[in-house]
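Protein chains get the first letters and strands the later ones, always in sequence-line order, with residue 1 at the start of each. Please read these numbers as outputs of a predicted model, since none were measured by experiment.
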2 protein chains.
Amino acid sequence: MKARTRPTPKPDARAKLLDAAFALIRQQGYAATTVDDLCRAAGVTKGAFFHHFASKDALAVAAADCWTETTSAFFAAAAYHDHADPLDRVLGYVDFRLSILQGELSDFTCLVGTMVQEAYATKPDIGAACGASIGGHIDVLTQDIQAARAKHAAAGDWTARSLARHMQAVIQGAFILAKAGGGAEAAAECLHHLRRYIALLFKQRLPKESQTQ
Amino acid sequence: MKARTRPTPKPDARAKLLDAAFALIRQQGYAATTVDDLCRAAGVTKGAFFHHFASKDALAVAAADCWTETTSAFFAAAAYHDHADPLDRVLGYVDFRLSILQGELSDFTCLVGTMVQEAYATKPDIGAACGASIGGHIDVLTQDIQAARAKHAAAGDWTARSLARHMQAVIQGAFILAKAGGGAEAAAECLHHLRRYIALLFKQRLPKESQTQ
DNA sequence: GCAAACATACCAACCGGTTGGTATGTTTTG
DNA sequence: CAAAACATACCAACCGGTTGGTATGTTTGC
C-alpha cells in the first residue's frame with residue numbers, strides 16, 4: 001500500500017511521528033523500532049512523543065488507524081472506481097496494485113500486514129487495529145465482487161468475501177516473497193496470477209439470467 | 001565415535017534452543033524474543049546459548065537453516081508425492097497444506113515468512129537464510145509444475161516457477177490473514193481458491209500434442 | 001493568563017553479550 | 001596402561017549500553 005506523507009496543514013509532532021512510524025516499522029518491524037528511533041526520524045523529542053501517545057503500543061495502534069484512513073482515501077481516489085462494470089473495478093484494483101509496485105520495498109509494502117505478525121499473539125489491541133485495517137479493505141472489495149457476481153456468471157462455489165480475502169492474501173504474500181529476495185518483480189508476478197484467476201472465474205461473462213449460478 | 005557401552009550425555013542444549021526459537025519467534029516475532037526468553041523456554045542458561053551460537057542473530061540464521069531441513073523432510077515424507085500424475089502432486093501439495101492447518105496459529109504458520117519481514121532490510125544474513133528456505137521450497141514445487149505442464153496443456157502465459165512462487169505467496173498471505181483475525185478458516189479459504197486456480201489453469205487436460213501452448 | 005505543545009534531564013529495568021569457572025569426555029604420550 | 005594435555009558442554013554472576021517511560025521545566029497560541 002502506498003502511503004506518502006500525510007497532507008497535514010501544520011506539521012505537528014504527532015503527524016511527523018506517525019509518518020516516521022510508517023517508514024521505520026515497514027523497514028524494520030515494530031519491535032525493532034525504538035521510541036528514540038521514531039523521535040530522531042521525526043525530529044522531535046521524547047517529551048513530545050509521550051505527550052501525544054501514552055505508550056509505544058499506543059502509537060502502534062494510532063499508526064494502524066492512521067494507515068487505515070490514509071490507504072482508504074488513497075484507494076478511494078484511484079481511477080479504477082470509475083469503471084461502470086463491477087468486474088472491471090475488481091480487475092482494475094489488481095491492475096492498480098500492480099502499478100504501485102515501484103521504488104523501495106518499504107515504499108509499497110503494507111504496514112499492518114507487517115505489524116500483525118509481531119502483534120497478533122502478544123498485543124491484542126495492536127492486532128485488532130491491524131485486523132480492522134485489513135478487514136475494512138476486504139469489505140470494500142467484497143462489495144464490488146458481489147456486484148460482479150450479480151451481473152456476470154462465475155464458475156465455482158465460493159463467496160464474494162472469501163475471494164476478497166484471497167485477494168488480500170495474495171497481495172500480502174506477494175510482499176513477503178518480495179522481501180524474501182524476489183523483489184518487486186516477484187510481487188508483480190503474483191498479482192498477474194491473481195488477475196488471471198479472477199478472469200478465469202468470470203471467464204464466460206454470460207449475463208446472469210442466461211445461466212443460474 | 002561413541003562406545004555403545006558408555007553413551008555420552010546427549011548434548012541437546014542446541015536442539016532445545018532451536019526448538020524454543022521455532023515456538024517463540026512464530027508467536028512473537030524475532031526482535032521481541034529475547035535471549036533470556038529462549039534460554040528460559042529451552043531450560044538452559046545464557047552461557048549455553050552463547051557457547052552454541054555466536055550471537056542472537058547467529059541463532060536466527062541457524063534456526064532458519066534448521067527450519068529448511070525440517071520442513072523439507074516433512075514435505076518430502078508426505079503421501080502426495082506418490083501420485084503418478086505430476087498435476088495430482090501439485091494439487092496434492094495444496095490439499096496437504098490444507099490438512100495441516102490445525103491447532104494454534106503458531107503451530108502451522110511459517111517461521112521464515114515471519115522472520116523475513118523483520119530482517120529483510122536490516123539483517124542481510126538472516127534475510128538470506130529465510131530467502132533460501134522459501135526459495136528451496138519453490139524449487140521443489142517448480143519441478144512438479146514443470147512436469148505437469150509437460151503432460152497436460154495449460155491455459156495462459158506463465159512459467160512454472162512463477163506459479164510456484166504464487167503458491168508460496170498465497171500460503172504466506174493466508175497466514176497473515178489468519179493472524180489478522182481470520183484464523184485457520186480464513187487460511188483454508190485461501191488455499192481452496194488457490195486449488196481452484198490451479199485446477200482452472202489445467203482445466204482442459206488435453207494431452208500436450210493436441211494443443212500447442 | 002493559561003492550557004496545550006513541546007523540550008530537557010533523568011531513571012530503573014532490561015538486553016545482548018562476557019567472564020571465570022566446573023564437570024565430563026577424548027586424545028596424546030611416556 | 002595411565003597420567004597429562006586438550007576439547008566440549010555447560011553454568012552463575014556480572015557488565016555497560018539501551019529502552020520505554022517519567023518528572024519537571026519552557027515555549028507557543030488563543
Side-chain angles (χ1 to χ4, degrees), chain A residues 6 8-21 23-25 27-64 66 115 118-119 122-127 129, chain B residues 1-21 23-25 27-64 66 115 118-119 122-127 129:
Chain A
R6 288 163 36 94
T8 43
K10 54 177 182 180
D12 58 329
R14 185 188 152 92
K16 284 195 287 188
L17 281 167
L18 288 173
D19 246 1
L24 288 178
I25 296 174
Q27 271 176 42
Q28 324 173 350
Y30 172 65
T33 302
T34 69
V35 174
D36 284 323
D37 283 343
L38 292 162
C39 292
R40 203 176 313 125
V44 304
T45 60
K46 234 175 194 184
F49 184 102
F50 286 101
H51 172 74
H52 288 287
F53 306 102
S55 65
K56 190 195 170 190
D57 282 5
L59 166 115
V61 172
C66 179
M115 254 199 312
E118 300 178 67
T122 51
K123 316 252 182 177
D125 45 354
I126 301 177
Chain B
M1 279 253 178
K2 174 171 72 164
R4 55 186 67 84
T5 50
R6 275 299 294 271
T8 59
K10 50 178 180 176
D12 57 356
R14 187 188 150 91
K16 284 195 287 187
L17 280 166
L18 288 173
D19 249 0
L24 289 178
I25 296 174
Q27 271 176 42
Q28 324 173 349
Y30 172 66
T33 300
T34 70
V35 174
D36 282 324
D37 284 344
L38 292 162
C39 292
R40 204 175 312 124
V44 303
T45 62
K46 234 177 194 184
F49 184 101
F50 285 101
H51 171 74
H52 289 285
F53 305 102
S55 65
K56 190 195 170 191
D57 283 4
L59 166 113
V61 172
C66 180
M115 256 200 310
E118 299 179 67
T122 51
K123 316 251 180 178
D125 45 354
I126 301 177

> Which pair of non-hydrogen atoms, one from B:Phe49 and one from B:Cys39, has the smallest distance, and what is that distance?
Replying inline: CB-SG, 3.7 Å
> Considering every strand shown, what is the Watson-Crick or G-U wobble mate of D:dG25 when both distances are under 3.5 Å?
Replying inline: C:dC6
> Is C:dG20 paired to anything, Watson-Crick or G-U wobble with both distances less than 3.5 Å, and if yes, which nucleotide?
Replying inline: D:dC11
Whole angstroms only, please: what is the [atom1]-[atom2] distance between [X] and [N]?
| X | N | atom1 | atom2 | answer |
| --- | --- | --- | --- | --- |
| A:Phe50 | C:dA5 | CZ | P | 17 Å |
| A:Arg14 | C:dC6 | CZ | P | 11 Å |
| B:Asp36 | D:dA12 | CG | C1' | 13 Å |
| A:Leu17 | C:dA7 | CG | C1' | 14 Å |
| A:Lys46 | D:dT24 | NZ | P | 17 Å |
| B:Phe49 | C:dG16 | CZ | C1' | 9 Å |
| B:Arg40 | C:dG16 | CZ | P | 11 Å |
| A:Asp12 | C:dA7 | CG | C1' | 16 Å |

> Should the pair A:Asp37-A:Arg40 be classified as a salt bridge under the 4.0 Å nitrogen-to-oxygen rule?
Replying inline: yes
> Are A:Lys123 and A:Tyr30 in a cation-pi contact, defined as NZ or CZ under 6.0 Å from the six-membered ring centre and within 45° of the axis?
Replying inline: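 Relative to the ring axis of A:Tyr30, which defines the angle, A:Lys123 lies outside at least one limit.
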Quick one: does [X]'s side chain get under 4.5 Å of [Y]'s, heavy atoms only?
| X | Y | result |
| --- | --- | --- |
| A:Gln28 | B:Glu118 | no |
| A:Gln27 | B:Thr122 | no |
| A:Leu59 | A:Phe50 | no |
| B:Leu18 | B:Phe53 | yes |

Which nucleotide, [options], lies nearest any side-chain atom of [X]?
| X | options | answer |
| --- | --- | --- |
| B:His52 | C:dC6, C:dA7, D:dA9 | D:dA9 |
| B:Ala13 | C:dG16, D:dG20, D:dC10 | D:dC10 |
| B:Val44 | D:dT22, D:dC11, C:dT18 | D:dC11 |
| A:Ala48 | C:dC6, C:dT18, D:dC10 | C:dC6 |

> Which part of the nucleic acid, if any, lies within reach of A:Thr34 when heavy atoms closer than 4.0 Å are counted: base, sugar-phosphate only, or nothing?
Replying inline: sugar-phosphate
>> With a 4.0 Å cutoff (strictly under), does any side-chain N or O of A:His51 reach OP1 or OP2 of C:dA5?
In response: yes
> Looking at residues 55-62 of chain A, who's got a heavy atom less than 4.0 Å off DNA chain D?
Replying inline: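 Per residue number, the list reads A:Ser55, A:Lys56.
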